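Below: one structure, written as structure tokens.
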Amino acid sequence: MARMLHYQRPWQQTRGASSMANLHEHVPRLLERCSHLNQLKQIQALLFGLAHADTQFFAFKLVRFCALKLSDLDYGRRIFDHLRSPNIYLYTAMITAYASHPEHSSSAFLLYRDMVRRARPRPNHFIYPHVLKSRSEPLEADIVHGHVLKSGFGQYPVVQTALLDSYSRSSSGVDSARLLFDEMHERTVVSWTAMISGYVRFGLMGDAMSLFEKMPERDVPSWNALIAGCTQNGFFSQALSILRSMISASTSEDGKTRGNRPNAVTVACALSACGHTGTLQLGKEIHCYILRNGLALDFYISNALIDMYGKCGSLIEARGIFDRTVKRNLTSWNSMINCLALHGQTRQAISVFEEMMTFGVDMLPDEVTFIGLLNACTHGGHVERGQAYFEAMTQDYGIQPWIEHYGCLIDLLGRAGKFEEALQVIGAMKIQPDEVIWGSLLNGCRVHGDIDLAELAVSKLIELDPDNGGYGAMLANLYGEQGKWEEVRRVRKTLKERDAYKTPGCSWVEINNQLHQFYSVDLTHPRTDEIYTVLESLVDAG
DNA sequence: CTAGGGTTAG
């Protein structure tokens with residue numbers, strides 16, 4: 001670097017005004033070549049040694065460099081703090097830097113507050129969106145709103161939209177966001193979309209939809225907000241039908257497309273919806289669309305493809321995309337592991353995890369990874385291995401188990417008939433056991449014919465979920481299997497009195513563009529005989 | 001120099 005600087009100081013050969021102009025050109029160019037803090041310090045020493053009038057300009061460049069290239073906000077702040085009175089550009093640069101690093105987001109607001117207290121420099125309307133992006137405190141939007149009104153920027157659509165967005169992200173803030181939205185004189189497509197996303201985040205899909213219907217104009221992000229809202233709230237087929245509307249709205253009569261065509265964000269959501277609904281054919285079409293339109297295979301898209309193919313049962317395709325994806329993030333690994341687990345590929349799921357482990361601290365597993373692993377172990381009946389993973393998760397990785405992890409563990413132990421250990425786990429849980437936990441235990445009791453424990457599980461289940469008759473029906477079946485008909489009659493009578501009917505389990509699969517749907521104990525499919533013949537042969541083979 | 005949209009688990 002010293003050598004580089006030696007040859008890269010053209011301003012030393014010129015004097016006066018032209019030397020300053022050269023500095024303005026060459027400092028950014030020098031910064032582009034630098035990649036380490038030490039190199040930056042050399043430039044800094046040179047600049048501040050000159051003590052010229054444009055200190056603020058160069059400090060601005062250096063702060064931005066610290067934030068964007070080095071991610072060293074503390075050093076950026078030191079440069080900032082050396083200035084006697086930083087101008088609005090410096091405050092904006094420093095606040096933007098903090099706001100874009102989640103772990104520093106509270107500093108963004110604190111620095112803004114300092115600026116307001118000093119009353120110098122005066123804020124401009126550009127700074128508010130940056131300040132609001134940090135979202136450190138729930139009351140922050142209110143405070144900033146007050147400042148905005150006082151400083152006279154209250155009617156700037158961009159500032160209002162940033163405020164609206166900030167309100168809508170704070171808990172129970174959608175109503176405040178809506179008030180602001182209703183008061184706005186000038187609403188842009190961005191304001192509408194921000195409001196829709198606010199509704200989406202609290203699961204108010206009805207409000208989101210009706211606002212979307214009323215929008216005077218729509219662009220790609222507004223369609224995406226609605227489609228993403230559907231997938232994030234579990235309305236997967238709805239998401240796909242909105243995708244179809246989007247496509248037909250973007251297709252003119254001559255069959256050519258224009259306007260709001262699906263982009264990378266749209267297809268990432270749509271692929272997720274395809275995975276959840278098993279819509280393999282559409283998923284493949286979307287894959288082609290991605291390739292035809294040269295949409296970049298970024299993390300979101302490649303991971304969504306892995307997930308879609310995996311969930312639809314095309315594990316070879318999923319694995320192919322996973323293997324060809326050079327840049328993988330945690331979600332890539334998790335998607336692959338979870339898909340393999342879903343289809344009972346225990347050995348492969350574990351081997352993908354072990355490959356992931358070779359990256360050490362560069363690719364640490366999280367909660368979702370362990371859900372996949374525990375599911376894989378349950379499918380494969382690897383009780384001890386599953387227990388070891390659970391142990392490693394809490395002990396080695398310091399991950400607090402979710403209720404889902406306990407659900408997997410109880411499922412694993414219950415299927416293996418290890419009821420004593422299962423009860424121990426339930427007793428030691430820091431979270432209140434839910435119906436999944438007792439349901440998993442009950443399932444284990446059914447497999448192993450443990451009536452007493454089944455009674456306990458059912459009583460807990462009825463407490464937690466009184467309207468669901470399925471548990472009682474399961475208990476009745478269990479008595480039936482053991483020939484205890486008196487007990488069967490008793491349970492059925494209670495079920496009838498409580499008017500609790502079993503909601504049947506339902507699954508479906510798409511084969512050759514045709515959807516086949518099955519309820520539990522369902523004999524209505526036209527090829528039922530063949531299906532059950534194959535099923536029985538599979539059971540025999542197992 | 002400013003505002004809205006994305007993947008995994010349940």
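The structure presented is a predicted model; accordingly, all values stated were derived computationally and were not measured. Labels below follow one simple rule: chain letters A, B, ... track the order of the sequence lines, proteins then strands, and each chain is numbered from 1.
Counting any heavy atom pair closer than 4.0 Å across all strands shown, A/S335 reaches sugar-phosphate atoms only and no base atom. A/V436 comes within 4.0 angstrom of nothing in the nucleic acid, heavy atoms only. At the heavy-atom level, A/H130 lies under 4.0 Å from the strands shown only through sugar-phosphate atoms. Looking at heavy-atom distances under 4.0 Å, A/Y89 makes contact with a base. Counting any heavy atom pair closer than 4.0 Å across all strands shown, A/W402 reaches a base atom. Residue contacts for A/R169: at a heavy-atom cut-off of 4.0 Å it reaches the sugar-phosphate backbone alone, with no base atom in range. Residue-level contact check: A/A93 touches neither bases nor backbone, having no heavy atom under 4.0 Å from any strand.
For A/R218, the side-chain hydrogen bond (donor to acceptor under 3.5 Å, both in side chains) criterion is met by no residue, not counting sequence neighbours. Taking the side-chain hydrogen bond (donor to acceptor under 3.5 Å, both in side chains) definition, one finds that A/N87 meets it with A/Q56, sequence neighbours left out.
Closest to the side chain of A/Q232, from the set B/dG4, B/dC1, B/dT7, is B/dT7. Distances were taken from every side-chain heavy atom of A/A264 (C-beta onward) to each of B/dT2, B/dG6, B/dA9; the shortest belongs to B/dG6.
Within residues 202-219 of chain A, the residues that place at least one heavy atom under 4.0 Å from DNA chain B are, in residue-number order, A/D219.
If you check distances only, the side chain of A/N263 never reaches the base of B/dG6 with a donor-acceptor pair under 3.5 Å. Taking 3.5 Å as the limit, the base of B/dA3 and the side chain of A/T188 contain a donor-acceptor pair of atoms between them.
Between A/R415 and A/D411, at least one side-chain N (NZ, or NE/NH1/NH2) sits under 4.0 Å from a carboxylate O, which counts as a salt bridge. A salt bridge between A/E355 and A/R328 is present, with a side-chain N of the basic residue lying under 4.0 Å from a carboxylate O of the acidic one.
A/T96 and A/H130 share a donor-acceptor pair across their side chains, judged by distance under 3.5 Å alone. A donor atom on one side chain and an acceptor atom on the other are found under 3.5 Å apart for A/R178 and A/Y199.
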